[in-house]
Student: 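Starting off with a structure, shown below.
The chain is numbered in sequence order, starting from 1.
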Amino acid sequence: MNHEAHKGKIVRSQWASKMGFILATAGAAVGLGNLWKFPYLMGRNGGFPFLVAYLIFVLVLGLPVMITEMSIGRLTQKNPVNAYHAINKKVTFIGVMGVLSAFIILSYYSVIGGWILKYIASYTTTFSAPADFSAYVGQPAEPVVWHLIFMALACFICYKGTKGIEKASSVMMPALFILLIVLIVRSVTLPGAMSGLRFIFTPADSSFSFDSIVAAMGQVFYSLSLSMGITITYGSYLRRSENIPRSCITVAGLDTMAAVFAGIAIFPAVFAFNLEPAQGPGLIFGTLPNVFSNMPAGAVFAILFFVLMFFAALTSAIALLECVVSYTMDDLHWSRGKSVFLLGVLIFLLGVPSSLSFGPLGDLLIFNYTFFDFMGVLTDNFLMPLGGIAMCIYVGWIWGPQRLLAHIESDGVTFKLKKAWLWCIRIITPVLIVIVTAMGIAGIVKVVSG
């Protein structure tokens, strides 16, 4: 189980070291939201102004929610569902939405992880990307096989428990940043690369709008893995002596650094070859392979890039799976092995129609969305933000934040920004989440009605 026997008592597993906890939590946060979604959102929303908005929302939206969730996890020492049930059984639904979000997200996240593995295999064996990304993902069988392989890797590491997660994160996270730096050095030394750097760091693009602000808010929420149950789960393994605000600032800093570094690695190369920076997911799987094909030793840098993507995807996938595994072990009293195997199979099966929605099931629409897109809408626009709003209202106004503050400041920890945290969790953060949710729902209504 997710517990260990100690002198006849059952105690919850804990992180072996502070650094291991930081790297595991950063690994949960640093994922495809940073390396895939962040760069193309910058491309669509004016570069530098979007970056500034994103950094502001990390402070007033991301950090307050992360500190709150991590504190709830450590205070209760329980999985997300039981954590909220322990506080008040009437708000158990908040934890349920978090665990359900993690389950659904991992089903389609693993599909993308499979695409990444395919690209690594293709570059390793043929020194080139698949000839046509759209044609590849439209196949009925091969993307599902790679989805299965990626899911199996996440299950293998999660089966090892907190020690396995910590060990894997301690290898993959430093390697991720080293690979990012190598790619940055290559990208910024390409002829014409300065245009890409100006795009990121010069406030000169008029495509920034109110929609860009909303996109920045939503990206913070998704990038930091908020309201997915992950932070509560990882917080429940945290030692009482850990300084939660400082740890959250470190994790948010690493997460933001990865996102900015990804932009610096990608945009100079895109501009150097006069390609379009405002593309969607095709930026990673379509545009960048064109960049690599025109670059000296391009296949080598392509392998490094997709290995980097794989590390980011896998560390996040492990965290999503651990969130759900923690619940089944605590509530259903399943062994870790049984939890990982059965949940892994169920999540894989749920991901199959997401994979097939790019091909054989492309005409199967749910409210005008493909199955893949509908799963994302369900989590990103409903489960996660509604869970975040409910948490802020309950903790800030009903249950009261003083109990969490007392817990945060136990063992001599001083929370210097506690007044700012109170303002955010009570007023600023829930208002921002409501705005993101309202805009997201407005977009859904437009798609459904159109």
Student: Could you check whether the rings of Phe21 and Trp15 sit parallel, tilted or perpendicular, using 30° and 60° as the cut-offs?
Tutor: tilted
Student: Quick one: does any side-chain atom of Arg336 pair with a main-chain N or O of Cys158 as donor and acceptor, under 3.5 Å?
Tutor: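 Yes; judged by distance alone, with no hydrogens or angles, the pair exists.
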Student: Any non-hydrogen side-chain atom of Ile232 less than 4.5 Å from a side-chain atom of Tyr84?
Tutor: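 Yes, side chains in contact.
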Student: Between Ser355 and Trp146, is a side-chain hydrogen bond (donor to acceptor under 3.5 Å, both in side chains) present by the stated rule, with each step listed?
Tutor: CA-CA 10 Å; Ser355 179; Trp146 285 111; over 6 Å; no
Student: Any idea how Phe358 and Trp115 line up, ring-wise: parallel (<30°), tilted (30 to 60°), or perpendicular (>60°)?
Tutor: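 Rings of Phe358 and Trp115: perpendicular, over 60°.
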Student: Mind checking whether Leu238 and Ile244 have side chains closer than 4.5 Å, heavy atoms only?
Tutor: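 Of all side-chain heavy-atom pairs linking Ile244 with Leu238, at least one is under 4.5 Å.
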Student: Ring centres under 6.0 Å, that's the criterion: do Phe38 and Tyr54 meet it?
Tutor: yes
Student: Where is the tightest heavy-atom contact between Thr328 and Ser339, given as atom of each residue plus distance?
Tutor: OG1-OG, 2.9 Å
Student: Taking atom CD1 of Ile104 and atom CE of Met384, what is their separation to the nearest 0.5 Å?
Tutor: 11.0 Å
Student: Do you know which two heavy atoms are closest between Leu180 and Ala265, and how far apart they sit?
Tutor: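 Minimum heavy-atom separation between Leu180 and Ala265: CD2-CB, 4.4 Å.
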Student: Is it true that Lys160 and Glu166 make a salt bridge, defined as a side-chain N closer than 4.0 Å to a carboxylate O?
Tutor: no
Student: Does a side chain donor of either Trp423 or Thr429 reach within less than 3.5 Å of an acceptor in the other side chain?
Tutor: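 No pair is found: no donor N or O on one side chain lies under 3.5 Å from an acceptor on the other.
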Student: Do Lys18 and Arg239 touch side chain to side chain, with heavy atoms closer than 4.5 Å?
Tutor: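 Not touching, per the 4.5 Å side-chain cut-off.
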Student: Do Phe48 and Phe201 have ring centres separated by under 6.0 Å?
Tutor: no
Student: So, the side chain of Asn368 versus the backbone of Val447: is there a donor-acceptor pair under 3.5 Å, distance only?
Tutor: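 Yes; at least one donor-acceptor contact below 3.5 Å.
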Student: Using the side-chain contact (heavy atoms from CB on, under 4.5 Å) rule, take Phe348 and Val144 through it: C-alpha gap first, then chi angles, then the decisive distance, then the call.
Tutor: CA-CA 9 Å; Phe348 163 74; Val144 173; 3.9 Å; yes
Student: To the nearest 0.5 Å, how far apart are CG in Leu32 and CD1 in Ile284?
Tutor: 9.0 Å
Student: Do Phe305 and Leu288 come close enough that some side-chain heavy atom pair is under 4.5 Å?
Tutor: yes
Student: Checking Ser187 side chain against Ile184 main chain: does a donor-acceptor pair fall under 3.5 Å?
Tutor: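 Between the backbone of Ile184 and the side chain of Ser187 there is no qualifying donor-acceptor contact (under 3.5 Å).
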Student: Less than 4.5 Å apart, side chain to side chain, heavy atoms only: is that true for Val251 and Leu224?
Tutor: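 The answer is no; the side chains never approach within 4.5 Å.
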Student: As a quick check of understanding, evaluate side-chain contact (heavy atoms from CB on, under 4.5 Å) for Met97 and Met391, giving each step before the final call.
Tutor: CA-CA 11 Å; Met97 287 195 291; Met391 182 203 71; over 6 Å; no
Student: Closest heavy-atom contact between Pro401 and Leu422?
Tutor: CG-CD2, 3.2 Å
Student: Any donor-acceptor pair under 3.5 Å linking the side chain of Thr76 with the backbone of Ala83?
Tutor: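 No; judged by distance alone, with no hydrogens or angles, the pair does not exist.
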Student: Assess the side chains of Tyr108 and Thr379: does a donor N or O sit below 3.5 Å from an acceptor N or O?
Tutor: yes
Student: Rounded to the nearest 0.5 Å, what's the gap from CG on Asn34 to OG on Ser223? Could you check?
Tutor: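 These two atoms lie 3.5 Å from each other.
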Student: Side chains of His407 and Ser71 only: does a donor on one sit below 3.5 Å from an acceptor on the other?
Tutor: no
Student: Mind telling me whether Phe267 and Phe199 have parallel, tilted or perpendicular rings, with 30° and 60° as the class edges?
Tutor: tilted
Student: First locate atom CD1 of Ile105, then atom OG of Ser316, and finally report the distance between them rounded to the nearest 0.5 Å.
Tutor: 10.0 Å
Student: Side chains of Asn381 and Thr437: donor-acceptor distance under 3.5 Å anywhere?
Tutor: no
Student: With a 4.5 Å cut-off on side-chain heavy atoms, are Leu350 and Phe371 touching?
Tutor: yes
Student: Does the side chain of Asn82 pick up a donor-acceptor pair with the side chain of Tyr327 at under 3.5 Å?
Tutor: no
Student: Please name the pair of heavy atoms, one in Cys155 and one in Gly344, separated by the smallest distance, quoted to 0.1 Å.
Tutor: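 Cys155 and Gly344 have their closest heavy atoms at SG-CA, 3.7 Å.
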Student: Do Thr256 side-chain atoms and Ala252 backbone N/O form a donor-acceptor pair below 3.5 Å?
Tutor: yes
Student: Is there a side-chain contact between Phe150 and Ile116, using heavy atoms and a 4.5 Å cut-off?
Tutor: no
Student: Taking atom CD of Gln77 and atom CZ of Arg240, what is their separation to the nearest 0.5 Å?
Tutor: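 Going from CD on Gln77 over to CZ on Arg240, the span is 5.0 Å.
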Student: Say whether, by atom type as modelled, one donor and one acceptor occur between the side chain of Arg74 and the main chain of Gly235 under 3.5 angstrom.
Tutor: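 No: the side chain of Arg74 does not pair with the backbone of Gly235.
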Student: More than 12 heavy atoms of other residues, nucleotides or ligands under 6.0 Å from OH of Tyr159: yes or no?
Tutor: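 For Tyr159, atom OH is not crowded (no more than 12 foreign heavy atoms under 6.0 Å).
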Student: For the side chain of Gln219 and the backbone of Gly33, is there at least one donor-acceptor N/O pair under 3.5 Å apart?
Tutor: yes
Student: Which atom pair, heavy atoms only, marks the closest approach of Phe261 to Phe177?
Tutor: CD2-CD2, 4.3 Å
Student: Dump the intermediate steps for side-chain contact (heavy atoms from CB on, under 4.5 Å) on Ser326 and Lys78, then the final yes or no.
Tutor: CA-CA 8 Å; Ser326 177; Lys78 299 179 185 296; over 6 Å; no
Student: Search all heavy atoms of Thr370 against all heavy atoms of Leu365 and return the closest pair with its distance.
Tutor: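 The answer is N-CD2, 3.8 Å.
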Student: Are any non-hydrogen side-chain atoms of Leu153 and Ile157 less than 4.5 angstrom apart?
Tutor: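 No. Closest side-chain heavy atoms not under 4.5 Å.
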Student: Could you walk me through whether Met439 and Met217 pass the side-chain contact (heavy atoms from CB on, under 4.5 Å) test, one step at a time?
Tutor: CA-CA 11 Å; Met439 293 294 292; Met217 284 192 281; over 6 Å; no
Student: Identify the residue among Val325, Asn79, Val81 that makes a side chain to side chain contact (heavy atoms under 4.5 Å, CB included) with Asp330.
Tutor: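 Of the listed options, the one satisfying the test is Asn79.
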Student: Assess whether a salt bridge exists between Lys418 and Glu409, defined as any Lys/Arg side-chain N lying under 4.0 Å from an Asp/Glu carboxylate O.
Tutor: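 Yes.
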Student: To the nearest 0.5 Å, how far apart are CE in Met172 and CG in Leu23?
Tutor: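 The CG atom of Leu23 is 11.0 Å from CE of Met172, to the nearest 0.5 Å.
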Student: Is it the case that the side chain of Ser449 and the backbone of Lys446 share a donor-acceptor pair, with hydrogens and angles ignored and the cut-off at 3.5 Å?
Tutor: yes
